[in-house]
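Throughout, protein chains are lettered first and strands after them, A, B, ... in sequence-line order, and every chain is numbered starting at 1.
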Number of protein chains: 2
Amino acid sequence: MKTIEQLLESKNIRVTAMRLLIYKFLAKKKVAVTLSDIENAFAKADRTTLYRTIKTFEEKVIVHQIDDGTGITKYALCEEGCNCDIKNDLHLHFHCNNCNETTCLTDHKIPQIKVPDGFVSENVNLVVKGICDKCSG
Amino acid sequence: MKTIEQLLESKNIRVTAMRLLIYKFLAKKKVAVTLSDIENAFAKADRTTLYRTIKTFEEKVIVHQIDDGTGITKYALCEEGCNCDIKNDLHLHFHCNNCNETTCLTDHKIPQIKVPDGFVSENVNLVVKGICDKCSG
DNA sequence: TAGTAAGTGCAATGGAAGTGCATTTGTTAT
DNA sequence: ATAACAAATGCACTTCCATTGCACTTACTA
């Protein structure tokens, strides 16, 4: 079990107080968060710092970006077994039309998609929308 | 073979010069277009008009909206057999990472996606990214 | 411990989406 | 045909999120 510090160092990211806090925040959340969510959680910190921290995490494949169709980009920690690189998230996401939360369904792999001749598939973005487990209960 | 006028009338949309032009523009294009694309094509017309025209078309299920992950919403004509309603496009889309164009793969249906217990799937957004036929040639 | 590279905060910009209101155009009933 | 009404269009403006430039501070390194 790596500490967060070790994780960051292993990816050549300098350990700072801010980054640890943001990492912990993301880890605590089970769902994908927007930049505003982070901003609200750390009202004292500047928006730019949060933005750039997330971008750094993204580059170093600590978080992945999710476009769930709300028009606002969300972010979630890459899981242990998450082999998404910068451009590819290989699992699917679920967006709840009720509570507006987006969840990573890490262990649900995206089925192989056939594309027409001449098209080369590099990666796939798949968002399922509906009602999540908390809201359907 | 319906004329465009007949098509619009059948959906209770008033036929105007602008709407005919925009429809023809969409029909000529094989790929999904952004509002800016339309704006550039009709420089004399006001952006608001184009915006509201597209929104009208969308409501009346003449075009469908596509979120291809670029952050900019695109629009494409619903095909003859396209049974997408306002909220659901049932086919998948291909986004070319090279030319940045998004194509409807109308005859490629989205496979059934399994979601965990408690989750209710209402619709699915699936965008395949890669290299399109024009760019891979 | 000085010097440098990276991180942070403030201010400002840009792009796309959306809205209010006045004006014009089209439709309908007399 | 034309008056009266409804819908469409154009202009101006606003909002929201994403992004960048620059100054300042903090952290690593020789």
Enquirer: Do side-chain atoms of A/Lys129 reach the backbone of A/Asp68 as a donor and acceptor pair under 3.5 angstrom?
Expert: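 Yes; at least one donor-acceptor contact below 3.5 Å.
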Enquirer: Using the ring of each side chain (for Trp, its six-membered ring), is B/His64 parallel, tilted or perpendicular to B/His93, with breaks at 30° and 60°?
Expert: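 Tilted.
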Enquirer: Would you indicate, yes or no, if C/dG7 has its OP1 or OP2 atom less than 4.0 angstrom from a side-chain nitrogen or oxygen of A/Thr49?
Expert: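 Checking C/dG7 against A/Thr49, no side-chain N or O comes under 4.0 Å of OP1 or OP2.
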Enquirer: So, for A/Val124 and A/Ser121, which heavy atoms are closest and what is the spacing to 0.1 Å?
Expert: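 Of all heavy-atom pairs spanning A/Val124 and A/Ser121, the closest is CG2-OG, 4.3 Å.
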Enquirer: Expressed as a whole number of angstroms, how long is the span from A/Lys44:NZ to C/dT8:P?
Expert: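 Rounded to whole Å, this separation is 14 Å.
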Enquirer: What are the two closest non-hydrogen atoms of B/Cys132 and B/Cys99, and how far apart are they?
Expert: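 Minimum heavy-atom separation between B/Cys132 and B/Cys99: SG-SG, 3.9 Å.
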Enquirer: Quick one: which protein N/O atoms are closer than 3.5 Å to N/O atoms of nucleotides 18-27 of chain D? Pair and distance per line, please.
Expert:
unit_1	atom_1	unit_2	atom_2	d
D/dA18	OP1	A/Thr73	N	3.3
D/dA18	OP1	A/Thr73	OG1	2.6
D/dT19	OP2	A/Tyr51	OH	2.6
D/dT19	O5'	A/Tyr51	OH	2.8
D/dG21	O6	A/Arg52	NH2	3.0

Enquirer: Would you tabulate the side-chain donor-acceptor contacts of residues 31-46 of chain B under 3.5 Å, counting partners in other chains and residues two or more places apart, or write 'none'?
Expert:
unit_1	atom_1	unit_2	atom_2	d
B/Thr34	OG1	B/Ser36	N	3.3
B/Thr34	OG1	B/Asp37	N	3.0
B/Thr34	OG1	B/Asp37	OD1	3.4
B/Thr34	OG1	B/Asp37	OD2	3.2
B/Asp37	OD2	B/Thr34	N	2.9
B/Asn40	ND2	B/Ser36	O	3.2
B/Asp46	OD2	B/Thr48	N	2.8
B/Asp46	OD2	B/Thr48	OG1	2.8

Enquirer: Check the distance between C/dA16's C1' and B/Gln65's CD and give it to me in whole angstrom.
Expert: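 The distance from CD of B/Gln65 to C1' of C/dA16 comes to 13 Å, rounded to the nearest Å.
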Enquirer: In whole Å, what is the span from the CG atom of A/Leu50 to the C1' atom of C/dT8?
Expert: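 A/Leu50 atom CG is separated from C/dT8 atom C1' by 10 Å.
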Enquirer: Do any side-chain atoms of residues 11-28 of chain A form donor-acceptor pairs under 3.5 angstrom with protein atoms, and if so which ones, sequence neighbours left out?
Expert:
unit_1	atom_1	unit_2	atom_2	d
A/Lys11	NZ	A/Val61	O	3.3
A/Thr16	OG1	A/Arg19	N	3.2
A/Arg19	NH1	A/Arg14	O	3.0

Enquirer: What is the separation between atom CD on B/Glu5 and atom P on C/dT27, rounded to the nearest whole Å?
Expert: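 Between P of C/dT27 and CD of B/Glu5: 12 Å.
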Enquirer: Separation of B/Lys60 atom NZ from D/dA8 atom C1', in whole Å?
Expert: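 Value for this atom pair: 13 Å.
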Enquirer: Atom CG of B/Leu8 and atom C1' of D/dA7: how far apart are they, to the nearest Å?
Expert: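 Answer to the nearest Å: 15 Å.
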Enquirer: Just the rounded figure in Å: distance from C1' of C/dA16 to CG of A/Asp67.
Expert: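 Between C1' of C/dA16 and CG of A/Asp67: 14 Å.
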Enquirer: To the nearest Å, give me how far apart CG (B/Leu20) and C1' (D/dA8) are.
Expert: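 It works out to 13 Å between those atoms.
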